[in-house]
Protein chains: 2
Amino acid sequence: MTEKRKLTLKDIARELGISISTASRALKEHPDIAEDTIRLVKAYAEKHHYVPNTLAVNFRKNRTFNLGLIVPELVHHFFSTVISGAIDTAKKNGYNILVSQSNDILADEVMACRTMLASSVDGLLISISNETVEGVHLKEFLEEGKPVVQFDKITDHLNTPKVIVDDFNGSYMAVKHLIGQGFRKIAHIRGRTEVKNASERAMGYKQALLDHGLELREEWVKGCKLIHEQEGYDFCKELMESKNPPDAIFCITDLVAMGVLKYLKEKSIQIPEQVGVMGFSNWKLAEIVNPGLSSVDQHGYEMGQKAVLKLIDLIKNHDVENDEIIELKTNLIIRGSTTSTKNSDKVTLQ
Amino acid sequence: MTEKRKLTLKDIARELGISISTASRALKEHPDIAEDTIRLVKAYAEKHHYVPNTLAVNFRKNRTFNLGLIVPELVHHFFSTVISGAIDTAKKNGYNILVSQSNDILADEVMACRTMLASSVDGLLISISNETVEGVHLKEFLEEGKPVVQFDKITDHLNTPKVIVDDFNGSYMAVKHLIGQGFRKIAHIRGRTEVKNASERAMGYKQALLDHGLELREEWVKGCKLIHEQEGYDFCKELMESKNPPDAIFCITDLVAMGVLKYLKEKSIQIPEQVGVMGFSNWKLAEIVNPGLSSVDQHGYEMGQKAVLKLIDLIKNHDVENDEIIELKTNLIIRGSTTSTKNSDKVTLQ
DNA sequence: ATGGGTTGTGCAAACGATTGAAATTTTTAA
DNA sequence: TTAAAAATTTCAATCGTTTGCACAACCCAT
């Protein structure tokens, strides 16, 4: 192999007959160094393609410009959008992102954290698994003075900044829209009680009904365990076969809504004439299905951006105790599944 | 902040009254070191939670156990599946993955490569952008003795191992299946000529028609530029409105197929009775739409695994000049869009 | 006891860049 | 002319770990 030995400061110093420290400072235009020397060194470095040895610099400075990022699931439209935003923003600021996934399994999450801590990331971005409660593995980061920023799925047990979506409001606006469209018997297929996002959305749903004088029937609220399409299908069946079927279904997420759509189509129930359907998250497929699925956009890309910027901020300020909450607004995206008109334009409320 | 100073070998040596080198060797059970000493040092290290400073080790050994991974687009079902496989496999082998995206823009790709090279990854996994041809930025890796493995979208200008999908055969089997289902006038919405995968698929399509004595009409082959849903919609419209409309459409990818489905549904053309539709890639949405979209699974997860294993292999063997080709088999996934029966089971040919 | 092997341990030099403090040279001012 | 000040440059330690080599201690067979 070629593997040419890399040029080091020592080489430059020897060739130019100066000391290593002068070479080092010259390259960073240190005010102590004479203009002439700076020019000389820089020219030489340029000509011979000197690149500082990152490993050495990182070791010396005890940092890597790498950030860890852990999500429950990588193959997931929302999370991959967040990652995309995180990576682009990190790159702009000279940081790299190390990605890992927990598969919603605590043990995997702990493992991923350990590996990242060991590989010396400068900070961590994490959306915790459903199984995570206390998060001792995250405290290990803080104890080493490495900041952590939580996003989307968070725990309050940890004193870190959190970037979240205004689930309550997004949900509220979605249901308000349904009501505005004339739907009166609105069901909700929700997620697990222990998961904060799910609870917030359920609360937004309830509040909207309350504020508009609609009845809140417990039998119209169904709880998913896994948030799978099949659950949407099954609950929809249950709802539609009940004595008092709803005229609209608001789903915890688009995937569940897909199951709902599938059932309704199979039974030739008209959407939205007979039953309106509202999703959440605005996955790619929401715009592809027919009719288009109304949904709530969570601005995943922006979430990734904000989280990274916050993390870099903490790193720069050696700030570890900070529990600021950054809440992103949601966008209601109205499509055919909730409007009889063929309007599939983006509509933003508020 | 707490930020307790970390325990180092020096500390251990001082406390135990031995030398740093002995401590170092004891921890790795070097045969030169006496059993007693090893026990002593290990016990102390254990008790005080000694963790070697990765930065120092990496610097000393000139490696990081980090691998770079660059894809054209992160928010993309296939690529995120590949990444998922890559990350899981890397983790199992003690490596981390640094992810970046090129957005199919050469300049971005070059930038991403530079950053990764600078941050000292031990090797690179890349699926090149549409704009990449020569890949001088990739040669920089090889020149530094850092191995590169290409996957999915590859260039032959570079002497590296390549992990690809047997596009030709996958396409061939897909079209063969259509023929077996009785379709005779099969159209193909293909990708750009310069992109290898697209060409392979188009060739598989043609070969299948040829081998079964079907006519190959140029007017039935349409070329996408961007591989967007809208293109599928538009080309489908063109095809169906032509004098001699096809009875089946084989699409370069599922997203394009979605556009096709959309048009057909709008025109109330029965799928698959009037027109069969076949996608490629087996995205999540292929199983969600109604009827289910038949597609060709590319085993993205496995591709990620194989690519990482190959890369680690190269790293371990200091092997940089190697252009082995690892070709993965595809799976034909048959769903409702190509079969009149309600069979949506997974069927594997060959 | 003495030379030749083991066996176990320590010394010190790397790795490449950074940085406080000391040393040198140049400039300024009295 | 010369001391003080300013401008440059160099020295040397440091970051934490690894590793070739020297050294010491011990045992055994002459």
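Letters go in sequence order (proteins before strands), and every chain restarts at 1. Computed from heavy atoms alone, side chains included, the values below leave out hydrogens, waters and symmetry copies.
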Notebook entry, point to check: Using Watson-Crick and G-U wobble pairs whose two distances are both under 3.5 Å, how do you write the pairing of DNA chain C as dot-bracket, with | for links to another strand?
Noted result: ||||||||||||||||||||||||||||||
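Between the side chains of B/N66 and B/D122, not a single donor N or O lies within less than 3.5 Å of an accepting N or O. A side-chain donor-acceptor contact under 3.5 Å links A/K153 and A/N130. A side-chain N or O of B/T22 and one of B/S19 form a donor-acceptor pair less than 3.5 Å apart.
Between B/I97 and the options B/T89, B/V308, B/V121, a side chain to side chain contact (heavy atoms under 4.5 Å, CB included) holds for only B/V308.
Between the CG atom of A/N58 and the OG1 atom of A/T64 there is a distance of 6.0 Å, given to the nearest 0.5 Å. To the nearest 0.5 Å, atom OH of residue B/Y95 and atom CG of residue A/L98 are 14.0 Å apart.
OP1 or OP2 of D/dT19 has not a single side-chain nitrogen or oxygen of B/K28 nearer than 4.0 Å.
The CG-P distance, from B/N62 to C/dA14, rounds to 17 Å in whole Å. Rounded to an integer number of Å, the gap from B/D36 CG to C/dG8 P is 9 Å. Rounded to a whole Å, the NZ atom of A/K61 is 9 Å from the C1' atom of C/dA17. The separation between A/N58 atom CG and C/dC15 atom C1' is 14 Å, rounded to whole Å. A/L55 has its CG atom 13 Å from the C1' atom of D/dT17, to the nearest Å.
Among residues two or more places apart in sequence or in another chain, the salt bridge (Lys or Arg N to Asp or Glu O under 4.0 Å) test is passed with B/D88 by none.
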Item checked: side chain to side chain donor-acceptor pair (under 3.5 Å) assessment of B/S127 paired with B/Q150 -> CA-CA 6 Å; B/S127 187; B/Q150 298 186 71; over 6 Å; no
Note to self: Across nucleotides 8-16 of chain D, 5' to 3', mark each nucleotide with B, S or - according to how protein heavy atoms within less than 4.0 Å reach it.
What the structure shows: BBBB--BBB
